[in-house]
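Here the structure is a predicted model, which is why all the values come from computation and not from measurement.
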Amino acid sequence: MLSTSSSSSLAGSAVGHDAPRVHPAWVLLGAVTVVFHLGLIFYGLTPALVSRPIHMALALPWILILSARTPYERWSGWLLTVLGIAACGYIAFNEEALATQYGFIDNDFQMLLGVFLIVLTLETARRAIGWPLPLVAVAALAYAVFGEHIPGQFGHPGLPMQSFVGTLTIAESGLWGSLTGVSVGVVAIFVIFGAVLNAGEAGRGFMNMASAFAGRLTGGAAKVSVISSALMGSISGSASANVASTGAITIPSMVRLGYPRTLAGGVEAVASSGGQIMPPLMGAGAFVMVELTGTPYTQIMAAALLPAILYFATVWMGINAYATRHDLRPMAAADQPSGKEVAITSLFFAVPFVLLLERIFLGGYTPQYAASIAIFAGMLLLFFDVTLTFSARGFASRMAEAVVTAGRQVAVIGAIIICASLVIGVLSLTGLGVKITSGILSLSNEMLWPALLLTALACLVLGMEVPTTAAYVICVSVAGPALTALGLEPLLAHLFVFWFALLSTITPPVCGGVFIAAGMVGENWLKVAMKAMALGIGLYIIPLAMVANPEVIRLAFDPLWAVLDALKIALGLAAISYGVIARRAAWLRVVLVVAGALAIFAF
């Protein structure tokens with residue numbers, strides 16, 4: 001997840017294209033970013049110490065210059081960008097020589113370079129998403145430097161500075177480790193894919209399809225928000241960007257139909273949060289899971305699919321429950337699109353999506369190659385508007401929007417992942433991750449469910465401070481081994497941690513999606529958060545349900561039992577949702593909640 005401050009401003013509009021014109025230099029830089037990352041898919045093997053430093057160098061101007069808010073940030077941004085590009089260039093041009101040093105610095109210049117790259121990483125992440133993640137990284141670095149003075153099992157023998165700084169900055173680890181490789185080779189490609197679709201008419205296609213499917217139902221406007229946000233989130237992967245785009249249409253529609261403002265904001269916030277658990281992107285989490293678990297991407301998509309559907313089904317059922325308390329009217333017929341409009345606009349996302357899935361599942365290609373082919377199809381569709389009128393000028397405008405959006409989003413996600421890689425590098429060098437794992441096992445008395453609850457609490461707290469993907473990476477690095485040691489299969493442990501790292505999107509005191517939705521609807525954010533938490537109760541229960549019913553993630557191997565487990569969980573979630581939300585006698589609500597919990601966890 002991108003931060004509230006960054007993601008909404010960095011995301012391209014999904015439902016309209018009236019963004020302000022940008023300087024041609026940024027369009028050119030965006031084009032270079034897109035060509036570089038797409039090129040890596042077709043160039044063949046590129047050394048990690050070449051591609052990953054270039055990835056960082058391309059990210060620096062977007063964050064340090066374009067996003068500068070004060071004169072100081074602007075001139076310092078220029079200075080840091082120039083020096084940063086030079087430092088990254090040194091790594092890339094001297095890749096062969098550095099590879100023979102095995103992460104050991106042998107002169108003062110390289111030490112100065114390494115320290116500068118660490119500081120630059122921290123400052124870039126700070127400007128991209130704020131202080132919390134850089135502070136976590138600073139704490140990790142401080143532990144590496146001073147941990148030898150800590151008595152007991154949480155100390156370490158000490159690290160030679162030449163080896164410590166070198167491993168983090170001039171070797172294929174630390175800043176240039178495998179997580180950064182995921183950002184370069186996979187995440188960036190899917191971000192470009194989302195940016196291309198958003199620049200065209202895919203967003204309107206999502207809204208029209210959702211309106212045609214659910215607009216006539218009770219609570220139709222709210223259910224349109226759920227469906228459109230699920231579809232939009234599958235390509236944007238950002239809760240805040242999703243709220244800002246689909247919410248611009250769905251929130252006014254709900255308010256106009258008389259929905260309580262707090263409910264309108266809550267529906268959009270909780271629906272948009274699901275984008276990070278909805279395949280194929282999962283907010284970049286799916287691709288990080290591939291790297292950390294060694295599980296093929298197609299299996300991760302299959303494992304994540306039923307839980308994601310359960311999440312949105314729970315929100316849907318929550319809307320029905322609220323219909324017992326409020327008059328949640330369907331959308332007006334005049335606001336619903338015609339069948340022809342639905343069919344035409346759906347092509348703008350259906351063609352690239354079908355091509356993407358066909359290349360992965362039938363063609364047998366890698367996700368990044370399949371996404372590249374889908375990107376080219378999406379680019380061709382930019383020649384056409386919603387009436388299927390061909391326009392070269394329209395293509396130029398939409399393509400410019402796509403490359404600028406892609407450049408910005410690739411930069412922010414890159415800054416997050418590179419900074420998180422710094423933390424992971426320290427955990428590996430110092431052995432701190434193993435020590436925290438031992439602590440979790442000890443505190444939980446080596447019992448699975450107490451360990452799960454401790455991990456969930458850690459994920460919730462860390463997720464309030466850092467973006468979801470970074471929180472997931474850090475938490476799973478320290479808690480994942482403990483959970484697998486207690487018998488949880490690795491992919492299930494990773495999905496559990498990832499879901500709980502997402503809680504902060506709707507859970508006070510830090511709930512980015514809620515803040516944006518509350519601002520758009522003009523209501524107190526805490527009231528909106530309470531509605532979002534009630535509607536999104538599945539976000540708190542489904543990770544635990546996956547542990548109690550592990551077959552639900554085995555759709556690729558045992559689809560019958562996976563679907564049966566999903567239906568059982570759905571019944572339990574429906575009972576709990578009605579018990580929490582519906583206007584019924586208190587005793588009946590308690591019975592519903594207890595029955596729902598028993599259905600999920602006892603049978």
Side-chain angles (χ1 to χ4, degrees), residues 33 36-37 39-41 43-60 63 80-81 83-107 109-125 128 133-134 137 140-141 144 159 161-189 284 287-288 290-292 368 410-430 433 469-470 473-474 477:
T33 300
F36 170 74
H37 288 94
L40 289 176
I41 307 300
Y43 290 157
L45 185 63
T46 303
L49 288 182
V50 173
S51 62
R52 296 170 192 178
I54 293 175
H55 175 68
M56 181 176 180
L58 288 171
L60 295 177
I63 297 171
L80 289 173
T81 297
L83 294 176
I85 291 174
C88 292
Y90 175 86
I91 301 292
F93 281 114
N94 294 279
E95 173 266 332
E96 290 186 6
L98 293 175
T100 64
Q101 294 183 214
Y102 303 104
F104 190 86
I105 286 175
D106 59 8
N107 59 63
F109 172 76
Q110 288 185 353
M111 176 62 75
L112 180 64
L113 179 82
V115 171
F116 170 72
L117 282 170
I118 292 172
V119 173
L120 179 66
T121 297
L122 297 172
E123 175 62 8
T124 303
L133 179 58
L141 292 167
L159 299 168
M161 291 305 295
Q162 291 89 341
S163 178
F164 171 59
V165 176
T167 301
L168 292 180
T169 59
I170 66 169
E172 195 176 323
S173 56
L175 298 181
W176 321 124
S178 57
L179 276 183
T180 303
V182 173
S183 179
V184 176
V186 186
V187 175
I189 299 302
F287 313 117
V288 177
V290 171
E291 177 63 33
L292 296 181
Q368 54 268 43
V410 167
V412 172
I413 294 176
I416 292 169
I417 290 181
I418 292 172
C419 191
S421 297
L422 201 58
V423 177
I424 302 308
V426 171
L427 291 176
S428 175
L429 286 169
T430 61
T469 302
V473 169
I474 295 169
S477 297

Quick one: does any side-chain atom of Thr180 pair with a main-chain N or O of Leu175 as donor and acceptor, under 3.5 Å?
yes
Okay, side chain of Ser173, backbone of Thr167: is any donor-acceptor separation there less than 3.5 Å?
yes
Would you compute the distance between atom [atom1] of [X] and atom [atom2] of [Y] and round it to the nearest 0.5 angstrom?
{"X": "Leu168", "Y": "Ile424", "atom1": "CG", "atom2": "CD1", "answer": "11.5 Å"}
{"X": "Ile170", "Y": "Leu117", "atom1": "CD1", "atom2": "CG", "answer": "10.5 Å"}
{"X": "Glu123", "Y": "Leu60", "atom1": "CD", "atom2": "CG", "answer": "11.0 Å"}
{"X": "Leu83", "Y": "Cys88", "atom1": "CG", "atom2": "SG", "answer": "11.0 Å"}
{"X": "Thr33", "Y": "Leu58", "atom1": "OG1", "atom2": "CG", "answer": "4.5 Å"}
{"X": "Gln368", "Y": "Ile41", "atom1": "CD", "atom2": "CD1", "answer": "5.0 Å"}

Report the residues that fulfil side-chain hydrogen bond (donor to acceptor under 3.5 Å, both in side chains) with Ser178, sequence neighbours left out, ordered by chain and then residue number.
Glu291
Checking side chain to side chain contact (heavy atoms under 4.5 Å, CB included) for the pair Phe164/Thr430: CA distance, chi angles, key distance, verdict?
CA-CA 10 Å; Phe164 171 59; Thr430 61; 5.8 Å; no
Full working for side chain to side chain contact (heavy atoms under 4.5 Å, CB included) between Ile54 and Val184
CA-CA 9 Å; Ile54 293 175; Val184 176; over 6 Å; no
Please name the pair of heavy atoms, one in [X] and one in [Y], separated by the smallest distance, quoted to 0.1 Å.
{"X": "Ala470", "Y": "Ile416", "result": "CB-CG2, 3.8 Å"}
{"X": "Leu179", "Y": "Ile417", "result": "O-CG2, 3.4 Å"}
{"X": "Ala57", "Y": "Ile85", "result": "O-CG1, 4.0 Å"}
{"X": "Phe36", "Y": "Ser51", "result": "CZ-O, 3.7 Å"}
{"X": "Ala140", "Y": "Val426", "result": "O-CG1, 3.1 Å"}
{"X": "Ala171", "Y": "Trp176", "result": "O-CD1, 3.5 Å"}

Test side chain to side chain contact (heavy atoms under 4.5 Å, CB included) applied to Thr469 and Ile413, step by step
CA-CA 9 Å; Thr469 302; Ile413 294 176; over 6 Å; no
Any side-chain donor-acceptor pair under 3.5 Å between Ser183 and His55?
yes
Sequence neighbours excluded and cut-off under 3.5 Å, please list the side-chain donor-acceptor pairs for residues 89-99, or say none.
unit_1 : atom_1 : unit_2 : atom_2 : d
Tyr90  : OH     : Gln110 : NE2    : 3.3
Asn94  : ND2    : Tyr90  : O      : 2.8

